[in-house]
Amino acid sequence: MKPLQHVEFFDELSIEEVEAFGRLQRMVTRALRDIVPGVQKVYSIMLAESEDCPHVHVHIVPRTEDHPASFRGLRIFDFDGPSLPRVKVERFAAELREYLQPGGVAE
């Protein structure tokens, strides 16, 4: 997730923008917990670090019960797990979009 406008620091957002961002983050977290089987944790990791991506953005990553212990926490970025077939990714994306619609399940 990232704010609609480019910001390099979270405090550059207005209170209203921060609140909207937080609500969306909550909705995405709830959706992932409901959609992804076996979720034990949902990581929310905010970064604005690399040269090619200096804006604030949040990675929201579900961790399932079968996720290797050696790739938990920030080490999740080093995990190169199995790829899903395109049809499964598209089905998941459609379900996630449905959750995030106004009045959707995740509100």
Side-chain angles (χ1 to χ4, degrees):
M1 291 178 38
K2 66 179 184 172
L4 294 175
Q5 76 275 14
H6 173 83
V7 293
E8 293 187 21
F9 298 92
F10 202 64
D11 65 344
E12 293 175 354
L13 298 172
S14 69
I15 294 297
E16 294 79 15
E17 291 168 324
V18 169
E19 289 172 350
F21 196 85
R23 281 191 301 276
L24 180 59
Q25 190 171 347
R26 178 183 181 274
M27 289 169 57
V28 170
T29 299
R30 177 176 286 176
L32 290 173
R33 290 181 66 202
D34 286 348
I35 295 170
V36 178
V39 168
Q40 288 191 328
K41 295 281 183 185
V42 177
Y43 299 137
S44 293
I45 306 163
M46 185 170 67
L47 302 167
E49 200 58 40
S50 66
E51 288 183 27
D52 61 332
C53 191
H55 58 269
V56 167
H57 60 283
V58 176
H59 296 263
I60 302 178
V61 184
R63 181 180 61 75
T64 58
E65 56 201 14
D66 60 348
H67 191 90
S70 59
F71 291 107
R72 293 184 180 174
L74 289 178
R75 292 177 304 215
I76 200 161
F77 289 113
D78 296 326
F79 183 62
D80 191 19
S83 296
L84 295 174
R86 183 175 180 86
V87 67
K88 282 190 173 185
V89 173
E90 289 172 353
R91 198 172 19 228
F92 172 78
E95 197 169 349
L96 184 58
R97 274 193 298 278
E98 184 179 325
Y99 262 68
L100 299 178
Q101 294 299 314
V105 179
E107 279 193 357

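Just so it is clear, the structure is predicted and the values come from calculations on it, not from any experiment. Residue numbers start at 1 and run along the sequence shown.
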Would you say [Y] ends up clustered with [X] if hydrophobic residues are merged whenever their side chains have heavy atoms under 4.5 Å apart, either directly or through other cluster members?
{"X": "Ile60", "Y": "Phe92", "result": "yes"}
{"X": "Leu84", "Y": "Leu96", "result": "no"}
{"X": "Val18", "Y": "Val7", "result": "yes"}
{"X": "Tyr99", "Y": "Val89", "result": "no"}

Which heavy-atom pair separates [X] from [Y] by the least distance, and what is that distance?
{"X": "Pro3", "Y": "Val56", "value": "CD-O, 3.3 Å"}
{"X": "Pro62", "Y": "Val39", "value": "CB-CG2, 3.9 Å"}
{"X": "Thr64", "Y": "Pro37", "value": "CG2-O, 3.5 Å"}
{"X": "His55", "Y": "His57", "value": "O-ND1, 3.0 Å"}

> Under 4.5 Å between any side-chain heavy atoms of Arg72 and Lys41, yes or no?
Replying inline: no
> Can you check whether Leu13 reaches Gln5 side chain to side chain, under 4.5 Å on heavy atoms?
Replying inline: yes
>> Quick check on Glu98: does its CD atom have over 12 non-hydrogen neighbours (other residues, nucleotides or ligands) under 6.0 Å away?
In response: no
>> Are there over 12 heavy-atom neighbours, none belonging to Asp66, within less than 6.0 Å of that residue's CG?
In response: yes
>> Test of understanding: with ring-ring contact (aromatic ring centres under 6.0 Å, His included), list the residues that count as partners of Phe77, not counting sequence neighbours.
In response: His59
> Looking at CD of Glu17 and CD of Glu12, how far apart are the two atoms once the value is rounded to the nearest 0.5 Å?
Replying inline: 10.5 Å
Can you tell me if [X] uses its side chain to pair, donor with acceptor, with the backbone of [Y] under 3.5 Å?
{"X": "Arg75", "Y": "Ser70", "value": "yes"}
{"X": "Gln101", "Y": "Arg97", "value": "yes"}
{"X": "Arg63", "Y": "Gly73", "value": "no"}

> When the ring planes of Phe79 and Phe71 are compared, do they come out parallel, tilted or perpendicular, using 30° and 60° as the limits?
Replying inline: tilted
